[in-house]
Amino acid sequence: MHIVRGRATEDRPTKKRTKTFTGDAWADPLMPQTADGDTISSVTFTPGSRTYWHTHTGGQILIVTAGLGWVCAEGSPPEVIRAGDIVWTPPGERHWHGGTRTTIMTHVGISIGPTNWLEAVEDEDYHAPPAIHDG
C-alpha cells in the first residue's frame, strides 16, 4: 500500500499557475507526476482566471469540488460546471476551463499522459454560456 497525502507539502507546495493560465489560479499537487506524465491536482480559479487552450494525450477528468465555472471544447460554446459535476475530455480534444467572470471554481484535475499547452484563450472566447450571465 502506498498513501499519497492529499495536500500541499514542503516538497509539493501550492503553486500559482502563470505560464499557461490567464488570471490568478492556484494548484496543489495531490500526487507526484508519474513517469507517464499523469497528474492529479486540485486547482482553484479566481474570478476571470482560466487555462490556456490545451489537449491531453490520454484525456482528462475534472471533478468540480467548489464554486461555479466554465468549460469549453473548441467549436462549442462554454458550458457551466458547478460543485458535484464531473467532466470527461477525450484524448486530443482542444479545450479550456476556469472560473466565471464573477465566481471562484475549484476542481480536481486528473490528466492522463502529458498535457499539450497551446495559446491563451482570447477574451472573445471567454464568455458566459448561452442563457447564463456570469454565473
Side-chain angles (χ1 to χ4, degrees):
M1 177 184 297
H2 178 75
I3 298 173
V4 177
R5 303 292 176 197
R7 65 180 188 281
T9 64
E10 290 281 328
D11 296 337
R12 292 189 327 249
T14 299
K15 295 179 184 175
K16 184 173 182 182
R17 300 297 302 262
T18 57
K19 293 180 181 177
T20 54
F21 287 65
T22 298
D24 292 329
W26 299 86
D28 283 329
L30 299 181
M31 68 172 228
Q33 183 172 337
T34 68
D36 293 331
D38 303 334
T39 60
I40 302 176
S41 295
S42 177
V43 182
T44 298
F45 297 86
T46 60
S49 67
R50 63 223 185 237
T51 65
Y52 281 23
W53 287 102
H54 61 286
T55 64
H56 302 276
T57 58
Q60 183 181 49
I61 299 165
L62 302 177
I63 303 167
V64 183
T65 58
L68 183 78
W70 296 334
V71 63
C72 184
E74 185 174 47
S76 299
E79 294 190 45
V80 170
I81 52 176
R82 52 182 49 90
D85 290 349
I86 298 172
V87 177
W88 164 247
T89 304
E93 184 172 73
R94 189 175 148 97
H95 68 287
W96 62 263
H97 36 96
T100 74
R101 293 188 189 280
T102 60
T103 62
I104 289 173
M105 189 264 295
T106 300
H107 67 51
V108 172
I110 303 166
S111 298
I112 304 164
T115 300
N116 302 306
W117 291 105
L118 305 165
E119 73 278 2
V121 173
E122 299 296 333
D123 286 342
E124 59 266 17
D125 293 324
Y126 175 72
H127 55 81
I132 300 294
H133 302 285
D134 283 337

For residues Leu62 and His97, determine if any side-chain heavy atom of one lies less than 4.5 Å from a side-chain heavy atom of the other. yes
dist Thr51:OG1 -> His95:NE2 (nearest 0.5 Å) comes out at 6.0 Å
Distance col, row His107:NE2 vs Arg82:CZ, nearest 0.5 angstrom, shows 15.5 Å
**Request:** For the residue pair Trp53 and Asp125, establish whether any side-chain heavy-atom pair is separated by less than 4.5 Å.
**Result:** yes
CH2 (Trp88) and CD1 (Ile63) are apart, to the nearest 0.5 Å, by 12.0 Å
Anything under 3.5 Å between a donor and an acceptor, one on a side chain of residues 114-121, the other on a protein residue two or more places apart or in another chain? List them.
from	atom 1	to	atom 2	distance (Å)
Thr115	OG1	His56	ND1	3.1
Asn116	ND2	Thr55	OG1	3.2
Glu119	OE1	Arg94	NH1	3.4
Glu119	OE2	Arg94	NH1	3.4
Glu119	OE2	Arg94	NH2	2.2

Note: Cys72 and Pro77 closest approach over all heavy atoms is SG-C, 4.0 Å
Run the side-chain donor-acceptor check on residues 37-47: report pairs under 3.5 Å with partners two or more places apart or on a different chain.
from	atom 1	to	atom 2	distance (Å)
Asp38	OD1	Gly113	N	2.6
Thr44	OG1	Thr106	OG1	2.9
Thr46	OG1	Asp24	O	2.7

>> Is there a path of hydrophobic side-chain contacts, each under 4.5 Å between heavy atoms of I/L/V/M/F/W/Y residues, joining Val64 to Val80?
In response: no
So CE of Met105 and CZ of Arg50: to nearest 0.5 Å the spacing works out to 12.5 Å
(Q) Assigning hydrophobic clusters by single linkage (Ile, Leu, Val, Met, Phe, Trp, Tyr; side-chain heavy-atom cutoff under 4.5 Å), is Val87 placed with Phe21? (A) yes
- Task: State yes or no: do Ile61 and Ile81 share one hydrophobic cluster built from I, L, V, M, F, W and Y residues joined by side-chain heavy-atom distances below 4.5 Å, directly or via other members?
- Result: no
Is the shortest heavy-atom distance from the side chain of Trp96 to the side chain of Pro78 under 4.5 Å? yes
| message | Within the structure provided, determine whether Trp70 and Arg101 are in side-chain contact (heavy-atom separation under 4.5 Å). | response | yes
